[in-house]
Amino acid sequence: MKRRSQLATLVAMLAMVVAGTALAPQAQSQQQTRVKIVSTLPMTGSSLGQTQTIVNAIRQALEDRNYTVCNGTVRVDYQIYDDATAAAGKWDPAQVASNANKIVADRDVV
């Protein structure tokens with residue numbers, strides 16, 4: 001149940017980022033701004049079927065908007081992190097921490 005709540009929070013945050021970016025004022029420059037969103041989900045083990053569906057939905061939403069928002073002035077990149085390990089066969093707290101450290105270090109992630 002806790003995992004489902006975390007997933008709902010992730011989806012809600014993604015929706016806010018996309019909606020907020022879509023409503024942001026247009027850039028003054030013709031150059032495209034780039035932002036990156038990430039997901040950290042168990043892409044290994046028994047949850048793969050469920051999480052692959054979520055990843056596909058995120059990709060489809062981005063593809064529908066041509067990976068851009070704000071009338072094409074902002075490019076949205078999407079990166080997937082696997083928070084599971086083959087050894088655990090499910091999500092692994094150590095892998096989650098490792099992913100979080102990589103995400104925090106990436107200045108392009110919003």
Side-chain angles (χ1 to χ4, degrees):
M1 191 62 156
K2 181 178 180 182
R3 189 71 175 159
R4 184 175 289 164
S5 175
Q6 291 172 335
L7 180 57
T9 301
L10 171 68
V11 171
M13 289 172 52
L14 174 62
M16 288 188 299
V17 166
V18 172
T21 306
L23 297 174
Q26 289 190 6
Q28 303 254 338
S29 165
Q30 293 291 75
Q31 190 175 30
Q32 200 174 46
T33 302
R34 296 182 77 96
V35 297
K36 185 188 299 182
I37 59 173
V38 300
S39 62
T40 178
L41 299 165
M43 302 299 293
T44 304
S46 62
S47 296
L48 177 60
Q50 293 171 328
T51 55
Q52 188 63 54
T53 300
I54 295 164
V55 166
N56 289 342
I58 293 168
R59 283 184 175 149
Q60 182 64 51
L62 292 169
E63 285 174 14
D64 287 349
R65 297 192 57 90
N66 199 28
Y67 285 84
T68 63
V69 293
C70 296
N71 296 323
T73 61
V74 178
R75 167 86 182 166
V76 180
D77 296 326
Y78 174 50
Q79 186 170 3
I80 304 159
Y81 285 91
D82 187 355
D83 70 6
T85 60
K90 61 179 186 171
W91 77 279
D92 182 330
Q95 187 63 41
V96 171
S98 174
N99 290 349
N101 288 329
K102 291 174 190 172
I103 293 165
V104 168
D106 188 340
R107 299 184 74 152
D108 294 330
V109 174
V110 292

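Basis for what follows: all heavy atoms, side chains included, without hydrogens, waters or symmetry-related copies.
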Novice: Checking K102 against V109 for the side-chain contact (heavy atoms from CB on, under 4.5 Å) test, could you report, in this order, the C-alpha distance in whole Å, the side-chain angles of both residues, the deciding distance, and whether it holds?
Specialist: CA-CA 10 Å; K102 291 174 190 172; V109 174; over 6 Å; no
Novice: How far apart are the closest heavy atoms of M43 and Y81, and which atoms are they?
Specialist: CG-O, 4.4 Å
Novice: Can you name the side chain to side chain donor-acceptor pair (under 3.5 Å) partners of N99, sequence neighbours left out?
Specialist: T40, Q95
Novice: Of V76, D77, V69, which is the lone residue that meets side chain to side chain contact (heavy atoms under 4.5 Å, CB included) with L62?
Specialist: V76
Novice: Check side chain to side chain donor-acceptor pair (under 3.5 Å) between D64 and all other residues, then give those that pass, not counting sequence neighbours.
Specialist: Q60
Novice: Give, for atom OG1 of T51 and atom CG of D83, the distance between the pair rounded to the nearest 0.5 Å.
Specialist: 8.5 Å
Novice: With sequence neighbours left out, what residues match D108 under side-chain contact (heavy atoms from CB on, under 4.5 Å)?
Specialist: K36, D106
Novice: Going by the rule side chain to side chain donor-acceptor pair (under 3.5 Å), which residues pair with N56 if we only count those two or more places apart in sequence or in a different chain?
Specialist: Q52
Novice: Applying side-chain contact (heavy atoms from CB on, under 4.5 Å), can you list everything that pairs with A88, at least two apart in sequence or on another chain?
Specialist: T85, K90, D92
Novice: Take a 6.0 Å sphere around CD of Q79 and say whether it holds more than 12 heavy atoms from other residues, nucleotides or ligands.
Specialist: yes
Novice: The criterion is side chain to side chain donor-acceptor pair (under 3.5 Å); which residues satisfy it with S47, sequence neighbours excluded?
Specialist: none
Novice: Stepwise, does the side-chain contact (heavy atoms from CB on, under 4.5 Å) test hold for V110 with I37?
Specialist: CA-CA 6 Å; V110 292; I37 59 173; 3.9 Å; yes
Novice: Might you point out which heavy atoms bring S39 and Y78 nearest each other, and give the distance in Å?
Specialist: OG-OH, 2.6 Å
